[in-house]
Participant: 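One structure coming up, written as structure tokens, with questions to follow.
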Protein chains: 2
Amino acid sequence: MATRTRRTQRRTEALSRERIVEAAVELLDTAGEGGLTFRALTERLATGPGAIYWHVANKEELLDAATDAVVAAALAAERAESAGSAGSAGSIGPAGAAAPAEPTGPAEPTVSAERTEPAEPPNSPQDKIRAIAFGLFDAMEDHPWLPTQLALQLSRSPWGSVTPQIFESIGRQVRALGVPEGHWFTATSALVHYILGAAGQNAANSATARTLVPDVDRAEFLDAASKAWNELDPDDYPFTRAVAAQMRDHDDREQFLAGIDLVLTGITALHLPGDQGCAPPPAP
Amino acid sequence: MATRTRRTQRRTEALSRERIVEAAVELLDTAGEGGLTFRALTERLATGPGAIYWHVANKEELLDAATDAVVAAALAAERAESAGSAGSAGSIGPAGAAAPAEPTGPAEPTVSAERTEPAEPPNSPQDKIRAIAFGLFDAMEDHPWLPTQLALQLSRSPWGSVTPQIFESIGRQVRALGVPEGHWFTATSALVHYILGAAGQNAANSATARTLVPDVDRAEFLDAASKAWNELDPDDYPFTRAVAAQMRDHDDREQFLAGIDLVLTGITALHLPGDQGCAPPPAP
DNA sequence: ACCTGAACACCGTTCAAGT
DNA sequence: ACCTGAACACCGTTCAAGT
């Protein structure tokens, strides 16, 4: 709905891997995962399949490149936080996905009561981790195909090109946190897994909501999902049913943030026993 | 390599959804994700495609059912921990995947030094969470296609049939942990995301190792992957390079366990301030 | 109700041929 | 070096027809 620029591509501008990947991303955004076809691609680029195969080995590589580009843009946007230059973000990723200005700040602490953020220094490693996480979170909402492709690529070649990007971004902040080197891998892995999993799940919620009833608010969808959970067998699913209401009423970004803070707490509590070690003490 | 039973299927035994799903799992285990084809399936079951379509709506539903069955078997095996009955596990899942006896116990605490497990009561909620996690971990190693399909289904319909299964298993233990109800959803989500992500990544490592050089030990693969990380641009990937060695030498199960304990620590520290609140205090 | 199997539409990929 | 486009092999799915 958002992407409208550059329709009816003119046959000028020589073909290039970059242009192909760009077209692939637009096609994925517009027509969904099933919409990316070599035929659709050749039409949009006004060429034959052979031309595309000269720049790209196969469809898998094309999908990887598209995933790579979108993730890189999301991470670059976050990196340009306090600095002014937008880096190499531009072009790829529609709408405000790569907007370097404000990282769409985490939902304000509307939290019920108990968790009173203990006045962390702004721009702390924790803050930066949250910003990176929300950058990926937003990218997945803008590109509904991203979670799936990310998961596919992670399953296919876990040490491929995307993982190091995300790993590096988060890992630097884990290091800045003061975590001893022996625990870098574990701590970073935990954060990355949570972020990708939770952000992906949330994006899937939005996507499903959009698909089921294009115009409906996702709140209505969550309501329906919550009802579905409520109709599970009470003997087999007591917990899931009990949590159904909670799921319906939750705010995505708040929930996502709470999960990140949970992992962060685990990291600091387990690996930084000197610092202050424990949970943020309830303000006195 | 393991599955050998019931080859050259006889055309007796009426077709059923269950038999189709079973054949699909075997085909996936044997021939990989690309090997599951309606043509291969009809051959194996000695029917036509129409017969399959009478029992199953389409390929997507078939893949979902296969995923469902394997996950259910893994969770059932864990549930039969202290009890004797194996439940409805049987049949599906080759080799020792669904063996109800010992949950392949988490790697013994070979931990370097500092983390001295504070003598948790055996069969504690923590222990059960670890057992469930390792059950899924093992299932993913036995069925290399499982992480991918799990991720696909999660992206496709996050509140589908598999999620509640896993969510319920973990969630019950989160409740047993004493987490206040308001935090059930966050805590359970964090655990599930970490477990699926980390187990999947590990399974992908093993799978890639097997694919690249069928006979090589996965240690050699990790060595190669570690070298690949070491060849990344030192300016762009200082952290990832620094962690490469650590990745090479790690023990999967130990690393996986450490991550679970990290999230568990976060949960208890953040949500159980009364209990003892903090990280396992170094034994006096 | 359950199964058969030929047929259809579509897809990724190749390759001899052009410039 | 880069592009064309017809052709190939294969796949998921359908459906009229059988029992």
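Keep in mind that the numbers below use all heavy atoms, side chains included, and drop hydrogens, waters and symmetry copies.
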Participant: If the threshold is 4.0 Å, N to carboxylate O, is there a salt bridge linking Arg17(B) and Glu61(B)?
Facilitator: yes
Participant: C1' atom, dA16(C) versus dC3(D): distance in rounded Å?
Facilitator: 13 Å
Participant: Ignoring hydrogens and geometry beyond distance, is a side-chain donor-acceptor pair present between Glu78(B) and Ser169(B) at under 3.5 Å?
Facilitator: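 Looking only at side-chain atoms, Ser169(B) and Glu78(B) do not form any donor-acceptor pair under 3.5 Å.
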Participant: From dC2(C), dC3(C), dG12(C), pick the nucleotide closest to the side chain of Ala51(B)?
Facilitator: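 Closest nucleotide to the Ala51(B) side chain: dC3(C).
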Participant: Between the side chains of Gln165(B) and Asp68(B), is a donor N or O closer than 3.5 angstrom to an acceptor N or O?
Facilitator: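 There is such a pair (donor and acceptor under 3.5 Å, judged by atom type) between the side chains of Gln165(B) and Asp68(B).
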Participant: Any side-chain N or O of His55(B) less than 4.0 Å from the OP1 or OP2 oxygen of dA1(C)?
Facilitator: no
Participant: Is Thr37(B) near enough to dC11(D) that one of its side-chain N or O atoms lies under 4.0 angstrom from OP1 or OP2?
Facilitator: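 The answer is yes; a side-chain N or O of Thr37(B) sits under 4.0 Å from OP1 or OP2.
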Participant: Start at the 5' end of DNA chain C and walk down; is the nucleotide closest to Asn58(A) or to Pro49(B) reached first?
Facilitator: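 Upstream on the strand: Pro49(B).
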Participant: What's the CH2-P distance between Trp54(B) and dG5(C), to the nearest Å?
Facilitator: 18 Å
Participant: Could you summarise the pairing of DNA chain D as dot-bracket text, marking Watson-Crick and G-U pairs under 3.5 Å with ( ) or [ ] inside the strand and | across strands?
Facilitator: ||.|||||...|||||.||
Participant: Check the distance between dC11(C)'s C1' and Leu36(A)'s CG and give it to me in whole angstrom.
Facilitator: 12 Å
Participant: May I ask you to check whether Phe167(A) and Tyr237(B) place their ring centers less than 6.0 Å from one another?
Facilitator: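 That pair fails the under 6.0 Å test.
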Participant: Lys59(A) side chain: which of dC8(C), dG12(C), dT4(C) is closest?
Facilitator: dG12(C)
Participant: The side chain of Leu15(B) lies closest to which of these nucleotides: dC8(C), dC11(C), dC3(C)?
Facilitator: dC3(C)
Participant: Using whole Å, report how far CZ of Phe38(B) lies from P of dC11(D).
Facilitator: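 Rounded to whole Å, this separation is 12 Å.
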Participant: Looking at Glu231(A) and Arg241(A), is any side-chain nitrogen of the basic one under 4.0 Å from a carboxylate oxygen of the acidic one?
Facilitator: no
Participant: Do we see a donor-acceptor contact under 3.5 Å between the side chains of Asp64(A) and Gln149(A)?
Facilitator: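 No donor-acceptor contact under 3.5 Å links the two side chains.
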Participant: Can you tell me the distance, in whole Å, between the CG atom of Leu41(A) and the C1' atom of dC3(D)?
Facilitator: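 To the nearest whole Å, that distance equals 15 Å.
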